[in-house]
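The structure displayed is predicted, hence computed values, not measured ones. Computed from heavy atoms alone, side chains included, the values below leave out hydrogens, waters and symmetry copies.
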Amino acid sequence: MARKKIREYDSKRLLKEHLKRLGAIQLEIKSAQVTESTNLNELADNEPWLSASRLVVKPDMLFGKRGKSGLVALNLDLTQAAAFVKERLGKEVEMGGAKAPITTFILEPFIPHDEEYYLSIISERLGCTISFSACGGIEIEENWDKVKTIFVPTEKSLTSELCAPLIATLPLEIRGKIENFITGVYKVFLDLDFTFLEMNPFTLVDGNPYPLDMRGELDDTAAFKNFKKWGNIEFPLPFGRVMSPAEDLVHNMDEKTSASLKFTILNPKGRIWTMVAGGGASVIYADTVGDLDYASELGNYAEYSGAPNEEEVLYYARVLIDCATANPDGRKRALLIGGGIANFTDVAATFNGIIRALREKESKLKAARVNIYVRRGGPNYQSGLAKMRALSEEIGVPIEVFGPEASMTGICKQAIQYITAAD
């Protein structure tokens, strides 16, 4: 599972679109997204409620505590809301130690209310944790002792009996409404492969639940079965995170292939770099380097899977090797090319792309004093490993090659020993 945050605008859009289908609940949510490219006059023409309602305006940038930071404006008309956005759009703010410009706002109707409730659902390994409180809002952390929590195992439905502890202290006249709402939201959560959903707060409008603030995360590995349900979904980078040109190249490649190509630079000056097949294996390699106290030398996180073709692997490997060999400083570096034991990926075929890239980058690998460590198993792995051994002799770059008899963690230790050994 890959948990990816989505904007509040999309969280509410998905809830509104699917709660009626799955829970027979019609949410009267209205919201509009504003970016630097938005024409507010056209937006107001398309969304007439913007001119007819008092408004709330706030950044939609994947960070919390917006109200406490003075970034939420309430009870404005459209002219005032436009001025609030104009003053802050593109301006840098610092949140949680990260600094970046605000690029996206959300506009919504201002909802006067008295009650503020809290609801969250979190996907766990064996089920889901659901938390609820009648004391929601910006002081939820100070009132966490009033939050009630239940666990719903994967194989069970959210029944009235399971839900009862969450709503036991609510007045009878609203208990049924809120139970239905929680049950419906849970169905949406499961059906759309949410991994996290939080409303803080939601309130009651004419006796019906209405989310005021909302956060959501989706399992992006489930996109293949949800693309119609999710619609035009966006997975923004975390606040303050900007892609490097190399990361952007891989990201664009990933969007155009049915395979998975992931690449994140952790330390451009790192001396241990990875090019690993499989999400699980890539985590093991990275975690092992960290467990051996060399996380500070880990240059990147990388993962390719889903049987990419030779050309895709070639372009991917070119980008990664360029980063791993950039700005040689005389110190040794290591490149780990590995993975677990593949089920269906043709190891020899994917290695063909990597081998072509290594051959092209021979001079860069030598200049950066790179030793390469290969560990792989799976279909045609013997042929793939033999090609790697032959390449080492051909280009004169040290490539140590292992099959599934060697452990993934073992070659991490060898790489660390190489970069730390005296010349």
Apply side chain to side chain donor-acceptor pair (under 3.5 Å) to residues Thr203 and Glu116 and explain how you reach the verdict. CA-CA 5 Å; Thr203 191; Glu116 291 193 334; over 6 Å; no

Given the rule in the salt bridge (charged side-chain N to carboxylate O under 4.0 Å, His left out) test, do Lys146 and Glu139 qualify, once you have shown the distances and angles that lead to the verdict? CA-CA 11 Å; Lys146 298 176 182 177; Glu139 305 300 333; over 6 Å; no

Trp273/Tyr285 under ring-ring contact (aromatic ring centres under 6.0 Å, His included): CA gap, chis, key distance, verdict: CA-CA 10 Å; Trp273 293 75; Tyr285 278 76; over 10 Å; no

Derivation and outcome, salt bridge (charged side-chain N to carboxylate O under 4.0 Å, His left out), residues Asp322 and Lys364: CA-CA 8 Å; Asp322 280 342; Lys364 287 190 172 186; 3.0 Å; yes

Working for side chain to side chain contact (heavy atoms under 4.5 Å, CB included), residues Thr104 and Gln33: CA-CA 7 Å; Thr104 308; Gln33 195 174 66; 3.6 Å; yes

Working for salt bridge (charged side-chain N to carboxylate O under 4.0 Å, His left out), residues Arg318 and Glu360: CA-CA 8 Å; Arg318 282 173 175 165; Glu360 289 178 8; 2.7 Å; yes

Could you walk me through whether Phe132 and Thr149 pass the side chain to side chain contact (heavy atoms under 4.5 Å, CB included) check? CA-CA 6 Å; Phe132 172 80; Thr149 298; over 6 Å; no

After noting the C-alpha distance and the side-chain angles of Thr325 and Lys361, does the key distance pass the side chain to side chain contact (heavy atoms under 4.5 Å, CB included) rule? CA-CA 9 Å; Thr325 59; Lys361 306 295 182 180; 5.9 Å; no

After noting the C-alpha distance and the side-chain angles of Glu217 and Lys4, does the key distance pass the side chain to side chain contact (heavy atoms under 4.5 Å, CB included) rule? CA-CA 5 Å; Glu217 298 177 11; Lys4 290 291 186 71; over 6 Å; no

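Ala368 approaches Pro328 most closely through the heavy-atom pair CA-CB, 3.9 Å. Between Leu78 and Leu55, the shortest heavy-atom contact is CA-CD1, 3.8 Å. Heavy-atom minimum distance, Ile182 versus Cys163: CG2-SG, 4.3 Å. Contact between Ala246 and Cys323 at its shortest, heavy atoms only, is CB-SG, 3.5 Å. Counting all heavy atoms, side chain and backbone alike, Ser131 lies closest to Val147 at CB-CG1, 3.7 Å. The two residues Ser282 and Ala302 make their nearest non-hydrogen contact at CB-O, 3.3 Å.
Glu297 has its side chain out of reach of Arg333: every pair of non-hydrogen atoms, C-beta onward, lies at least 4.5 Å apart. Side-chain contact between Val56 and Leu107: absent, with no pair of heavy atoms (C-beta onward) separated by less than 4.5 Å. No side-chain heavy atom of Tyr304 sits under 4.5 Å from any side-chain heavy atom of Ser260. Contact annotation: the side chain of Arg54 never approaches that of Leu74 to less than 4.5 Å [non-hydrogen atoms, C-beta and beyond]. With contacts defined as side-chain heavy-atom distances shorter than 4.5 Å, the pair Thr35/Thr103 does not qualify. Between Tyr117 and Ile174, the closest side-chain pair of non-hydrogen atoms falls below 4.5 Å. Residues Cys135 and Tyr118 fail the side-chain proximity criterion, which asks for heavy atoms closer than 4.5 Å. Put simply, the side chain of Leu170 reaches to within 4.5 Å of the side chain of Ile178, judged on heavy atoms.
Glu405 places a side-chain N or O within 3.5 Å of a backbone atom of Gly403 that can act as its donor or acceptor partner. Listed for the Glu303 side chain is no donor-acceptor partner under 3.5 Å among the backbone atoms of Lys262. With Glu17 contributing its side chain and Leu14 its backbone, the two residues share no donor-acceptor pair below 3.5 Å. A donor-acceptor pair under 3.5 Å links the side-chain atoms of Ser11 to the main chain of Gly216, judged by distance alone. Remark: the backbone N or O of Tyr9 is paired with a side-chain donor or acceptor of Asp60 at under 3.5 angstrom. Using modelled atom types, no side-chain atom of Asp248 and backbone atom of Ser244 make a donor-acceptor pair closer than 3.5 Å. Of the possible donor and acceptor atoms, none in the side chain of Ser120 sits under 3.5 Å from a partner among the backbone N and O of Leu197. Counting only distance, with no hydrogens or angles, the side chain of His113 and the backbone of Val205 share no donor-acceptor pair below 3.5 Å. Thr154 places a side-chain N or O within donor-acceptor distance of the main-chain N or O of Gly127, the cut-off being under 3.5 Å. Between the side chain of Lys99 and the backbone N or O of Met95 there is no donor-acceptor pair closer than 3.5 Å.
To the nearest 0.5 Å, the span separating OH on Tyr186 from CD1 on Ile121 amounts to 7.5 Å. Within the model, atoms CG of Leu335 and CG of Leu320 stand 6.5 Å from one another, a figure rounded to the nearest 0.5 Å. Interatomic distance, CG of Leu298 versus CG of Asp287, reported as 9.5 Å (0.5 Å rounding). With values rounded to the nearest 0.5 angstrom, Asp220 atom CG is found 11.0 Å from Asn226 atom CG. Rounded to the nearest 0.5 Å, atoms CE (Met275) and CD1 (Ile372) are 7.5 Å apart. Note that CG of Leu292 is 10.5 Å distant from OG1 of Thr420, once rounded to the nearest 0.5 Å.
Residues Arg66 and Asp213 are paired through a salt bridge, judged by an N-O separation under 4.0 Å between the basic side chain and the carboxylate. Remark: Arg7 does not engage Asp10 in a salt bridge, criterion side-chain N to carboxylate O under 4.0 Å. Using a 4.0 Å cut-off between charged side-chain N and carboxylate O, Asp329 and Lys269 make no salt bridge. Between Lys16 and Glu28, none of the side-chain N atoms (NZ, or NE/NH1/NH2) sits under 4.0 Å from a carboxylate O, so this pair counts as no salt bridge. The pair Asp193-Lys225 meets the salt-bridge criterion, with a side-chain N (NZ, NE, NH1 or NH2) lying under 4.0 Å from an Asp/Glu carboxylate O. Ion pair Lys12/Glu8 flagged as a salt bridge, since at least one NZ, NE, NH1 or NH2 atom sits closer than 4.0 Å to an Asp/Glu carboxylate oxygen. In summary, Glu161 and Lys156 do not engage in a salt bridge, as defined by a charged side-chain N under 4.0 Å from a carboxylate O. We find that Glu108 and Lys30 are not joined by a salt bridge, their nearest charged nitrogen and carboxylate oxygen being 4.0 Å or further apart.
Residues Phe263 and Tyr301 place their aromatic rings such that the two centres sit no closer than 6.0 Å.
There is no side-chain donor-acceptor pair under 3.5 Å between Thr264 and Glu247. A donor atom on one side chain and an acceptor atom on the other are found under 3.5 Å apart for Glu255 and His251.
For the pair Arg375 and Tyr373, the cation does not sit on the ring face, since its NZ or CZ is not both under 6.0 Å from the ring centre and inside 45° of the axis. Judged by a 6.0 Å distance limit and a 45° cone about the ring axis, Lys332 is positioned over the six-membered ring of Tyr418.
Test Leu166, Leu190, Val152 against Leu158 for side-chain contact (heavy atoms from CB on, under 4.5 Å) and you get one pass: Val152.
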